[in-house]
Amino acid sequence: MLLEGKRAIVTGGSRGIGRGISVELARQGADVVINYFAGADQSFARDTAHDETVAEIEALGRRAIAVEGDIADPQVSADLVQAAVAAFGGVDILASNAGICPFHAFLDMPPALLQQVVGVNLNGAFYAVQAAANRMKDQGTGGAIVATSSISALVGGAMQTHYTPTKAGVHSLMQSVAIVLGPYGIRCNSVMPGAIATDINKDDWSDPKKREYLNNRIPLGRFGEPEDVAKVVAFLASDMASYVTGAALLVDGGLYVNLQ
Ligand SMILES: NC(=O)C1=CN([C@@H]2O[C@H](COP(=O)(O)OP(=O)(O)OC[C@H]3O[C@@H](n4cnc5c(N)ncnc54)[C@H](OP(=O)(O)O)[C@@H]3O)[C@@H](O)[C@H]2O)C=CC1
Ligand SMILES: C[C@H](O)[C@@H]1OC(=O)[C@H](O)[C@@H]1O
């Protein structure tokens, strides 16, 4: 096991890639605080994804707790750290993963939608990293932060003009905090997933032609699964990556390099 006895926080940890990360960190020996969001009107309050993820982790013999809250609210990051300290005694790993991508055209982008996507994807990452880093600094034993950026930090998307800058921003944030936090032994890296099969893209991929087009562009011949990303996050969070900080790792089956 790579992460025996470590204490982790995973934002957006209930479903998709975040769920994969939460379970893989636990499989590698970590206890996990899972953040999820029930919606501003709590309309998803009865959603059980977070409970299922907690149960999956407990079945692995590790501890898990779920903390509800909008990561765009800085108080939620403070709450996550407090929950990890109360339940596990501290924080060694942060996977800053929560993100949304409601596809929309550029020319009539509503300001409120832009602000929501920036608020969750970029501001939320900033708050989570800042809160976890302060706790890790105070503990004095280092730590590891891995953010979920995207292949979309490097390439554009016509219906993602509000989204791709946030993923470039997360990539840039991890580079800058790697400098700030290196002296405290806190490593900061990002993963850049390509096309991973989760709820975030199920509407976009409901068009069979789009699915086929994308799939044909992936040299490894398949869409990614959350576990493909989760294993890389676990590696970057572990001592196997003890001299890796400020790095970004594409996890895309070769999609990025396949121009023609
Ligand atoms: N899937 C892909 O192809 C790619 C995804 N990514 C990135 O991976 C990350 C995870 O996406 P993915 O797993 O695909 O998407 P999902 O929609 O499957 O999962 C999103 C997760 O984020 C949580 N979440 C959403 N909004 C908030 C919020 N405001 N506060 C806290 N948590 C929130 C959700 O919680 P809840 O269940 O409670 O709603 C859920 O756990 C995102 O940052 C995304 O940008 C990057 C590249 C490719
Ligand atoms: C949601 C998209 O399908 C997905 O998100 C990303 O970051 C990838 O680049 C894909 O566009």
Side-chain angles (χ1 to χ4, degrees), residues 9-23 33-40 42-53 66-77 79-80 95-104 115-125 127-128 146-171 190-207 210-211 213-214 217-218 223-230 232-233 248-253 255-256:
I9 296 171
V10 181
T11 70
S14 58
R15 289 185 291 118
I17 292 171
R19 178 181 185 151
I21 293 170
S22 299
V23 172
V33 172
I34 294 160
N35 157 246
Y36 69 102
F37 184 42
Q42 296 288 295
S43 52
F44 297 106
R46 291 219 293 267
D47 188 295
T48 56
H50 56 280
D51 292 330
E52 289 157 23
T53 307
V67 176
E68 196 275 338
D70 183 355
I71 202 65
D73 174 357
Q75 182 59 45
V76 171
S77 289
D79 294 346
L80 290 169
S96 173
N97 167 81
I100 55 173
C101 184
F103 278 51
H104 202 288
Q115 284 155 18
Q116 183 192 6
V117 173
V118 172
V120 173
N121 294 7
L122 181 56
N123 299 352
Y127 301 139
V146 185
T148 308
S149 173
S150 170
I151 188 175
S152 296
L154 308 175
V155 291
M159 300 293 279
Q160 296 174 302
T161 57
H162 50 336
Y163 173 80
T164 60
T166 67
K167 292 290 143 178
V170 167
H171 169 48
S190 62
V191 285
M192 294 179 162
I196 313 297
T198 68
D199 290 347
I200 207 172
N201 41 35
K202 70 172 187 249
D203 289 343
D204 184 41
W205 294 3
S206 60
D207 176 0
K210 176 102 186 238
R211 285 182 65 89
Y213 163 75
L214 263 180
R217 283 197 56 186
I218 301 172
F223 291 115
E225 297 296 332
E227 294 71 24
D228 293 313
V229 180
V232 178
V233 172
L249 195 39
L250 275 162
V251 188
D252 69 343
L255 174 59
Y256 178 68

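Remember, it's 1-based here, ligands and their atoms both numbered in the order they're listed.
- Separation of atoms CE (M159) and CG (D204) is listed at 8.5 Å; rounding is to 0.5 Å.
- Comparing V170, D73, I196 against atom 3 (O) of ligand 1, the shortest heavy-atom distance belongs to I196.
- The shortest contact between atom 7 (C) of ligand 1 and any protein heavy atom is with T148 CG2, 3.6 Å.
- A donor-acceptor pair under 3.5 Å is formed between the side chain of S149 and the backbone N or O of K167.
- Nearest protein heavy-atom contact of atom 23 (C) of ligand 1 is G12 CA, 3.4 Å.
- Looking at A49 against ligand 1, nothing comes within 4.0 Å, counting heavy atoms.
- Using a 4.0 Å cut-off to heavy atoms of G16, the atoms of ligand 1 that qualify are 13 (O), 18 (O).
- Applying the 4.0 Å criterion to heavy atoms of D70 picks out, from ligand 1, the atoms 28 (C), 29 (N), 30 (N).
- Distance alone, capped at 3.5 Å, places no donor-acceptor pair between the H171 side chain and the L154 backbone.
- The protein atom (non-hydrogen) at minimum distance from atom 5 (O) of ligand 2 is Y163 OH, 3.3 Å.
- Scanning all protein heavy atoms for the shortest distance to atom 12 (P) of ligand 1 gives T198 OG1, 3.5 Å.
- From T53, atom OG1 reaches atom CD1 of I34 across 5.0 Å, with rounding to the nearest 0.5 Å.
- Within the structure, ligand 1 lacks G20 among the residues with a heavy atom less than 4.0 angstrom away.
- For atom 11 (O) of ligand 1, the nearest protein heavy atom (residue, atom name, distance) is I200 CD1, 4.0 Å.
- Within the 4.0 Å heavy-atom criterion, the part of N201 lying near ligand 1 is the side chain and not the backbone.
- For G194, the closest heavy-atom approach to ligand 1 falls below 4.0 Å.
- Residue I71 holds its CD1 atom at 5.5 Å from CG of L80, rounded to the nearest 0.5 Å.
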Next on the checklist: Walk me through whether D252 and I218 qualify under side chain to side chain contact (heavy atoms under 4.5 Å, CB included).
Outcome noted: CA-CA 8 Å; D252 69 343; I218 301 172; over 6 Å; no
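- Counting the atoms of ligand 1 from 1 in the order shown, those under 4.0 Å from a heavy atom of S149 are 46 (C).
- With hydrogens left out, the protein atom closest to atom 11 (O) of ligand 2 is Q160 NE2, 3.0 Å, a heavy atom.
- Atoms of ligand 2 lying under 4.0 Å from at least one heavy atom of G194, given by number and element, are 8 (C).
- At least one heavy atom of K167 sits closer than 4.0 Å to an atom of ligand 1.
- Summarising the geometry, atom CG belonging to L214 is positioned 6.0 Å from atom CH2 belonging to W205; distances are rounded to the nearest 0.5 Å.
- With hydrogens and angles ignored, the 3.5 Å screen pairs no side-chain donor or acceptor of D47 with any backbone N or O of A38.
- The structure places OG1 of T198 at 10.0 Å from CD of E225, a figure rounded to the nearest 0.5 Å.
- Listed by number with element, the atoms of ligand 1 under 4.0 angstrom from any heavy atom of V120 are 29 (N).
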Next on the checklist: Determine whether R19 and E52 satisfy the following criterion, side chain to side chain contact (heavy atoms under 4.5 Å, CB included), listing intermediate values before the conclusion.
Outcome noted: CA-CA 9 Å; R19 178 181 185 151; E52 289 157 23; 3.8 Å; yes
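- In summary, the atoms of ligand 1 found under 4.0 Å from a heavy atom of G99, numbered by their order in the structure, are 20 (C), 22 (O), 42 (C), 43 (O).
- Heavy-atom proximity to I151, at under 4.0 Å, picks out these atoms of ligand 2: 9 (O).
- When heavy-atom distances to ligand 1 are checked against a 4.0 Å cut-off, I100 comes that close only through its side chain, counted from C-beta outward.
- A side-chain donor-acceptor contact under 3.5 Å links N121 to the backbone of I100.
- Considering backbone and side-chain N/O atoms, W205 never comes within less than 3.5 Å of an N/O atom of ligand 1.
- Less than 4.0 angstrom separates some heavy atom of N201 from each of these atoms of ligand 2: 3 (O).
- Taking atom 36 (P) of ligand 1 as the reference point, the nearest protein heavy-atom neighbour is S14 OG, 3.4 Å.
- Taking distance alone, with nitrogen or oxygen atoms compared against 3.5 Å, I17 approaches ligand 1 more closely than that limit.
- Here A72 has no heavy atoms under 4.0 Å from ligand 1, in either its backbone or its side chain.
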Item to check | Candidate pair V170 and T148, rule side chain to side chain contact (heavy atoms under 4.5 Å, CB included), full reasoning | outcome: CA-CA 8 Å; V170 167; T148 308; over 6 Å; no
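- Below 4.0 Å from some heavy atom of S150 lie the following atoms of ligand 2, by number and element: 6 (C), 7 (O), 8 (C), 9 (O).
- To the nearest 0.5 Å, the span separating CG on D51 from OH on Y36 amounts to 7.0 Å.
- In this structure, atom 9 (O) of ligand 2 lies nearest to the protein heavy atom S152 OG, 2.4 Å.
- The distance from ligand 1 to the heavy atoms of G69 drops below 4.0 Å at these ligand atoms: 30 (N), 31 (C).
- Residue N121 places no N or O, backbone or side chain, under 3.5 Å from any N or O of ligand 1.
- Of the heavy atoms in N35, only side-chain atoms (C-beta onward) come closer than 4.0 Å to ligand 1.
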Item to check | Pair E68-Q42, side chain to side chain contact (heavy atoms under 4.5 Å, CB included): steps then yes or no | outcome: CA-CA 10 Å; E68 196 275 338; Q42 296 288 295; 3.3 Å; yes
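- Of all protein heavy atoms, the one lying nearest to atom 39 (O) of ligand 1 is R15 NH2, 2.9 Å.
- Residue-level proximity to ligand 2 for K167 is absent, since no heavy atom of it falls below 4.0 angstrom.
- Although no hydrogens or angles enter the test, the distance criterion places no donor-acceptor pair under 3.5 Å between the side chain of N35 and the main chain of V10.
- For the pair T11 (side chain) and N97 (backbone), a donor-acceptor distance under 3.5 Å is present.
- Closest to atom 45 (O) of ligand 1, if we only count protein heavy atoms, is Y163 OH, 2.6 Å.
- Below 3.5 Å of separation, one finds an N or O of F37 facing an N or O of ligand 1.
- Of the residues listed (L249, V251, L250), the one engaging M192 in a side chain to side chain contact (heavy atoms under 4.5 Å, CB included) is L250, and it is the only one.
- Counting the atoms of ligand 2 from 1 in the order shown, those under 4.0 Å from a heavy atom of I200 are 1 (C).
- Regarding atom 10 (C) of ligand 1, its nearest protein heavy-atom neighbour is N97 OD1, 3.5 Å.
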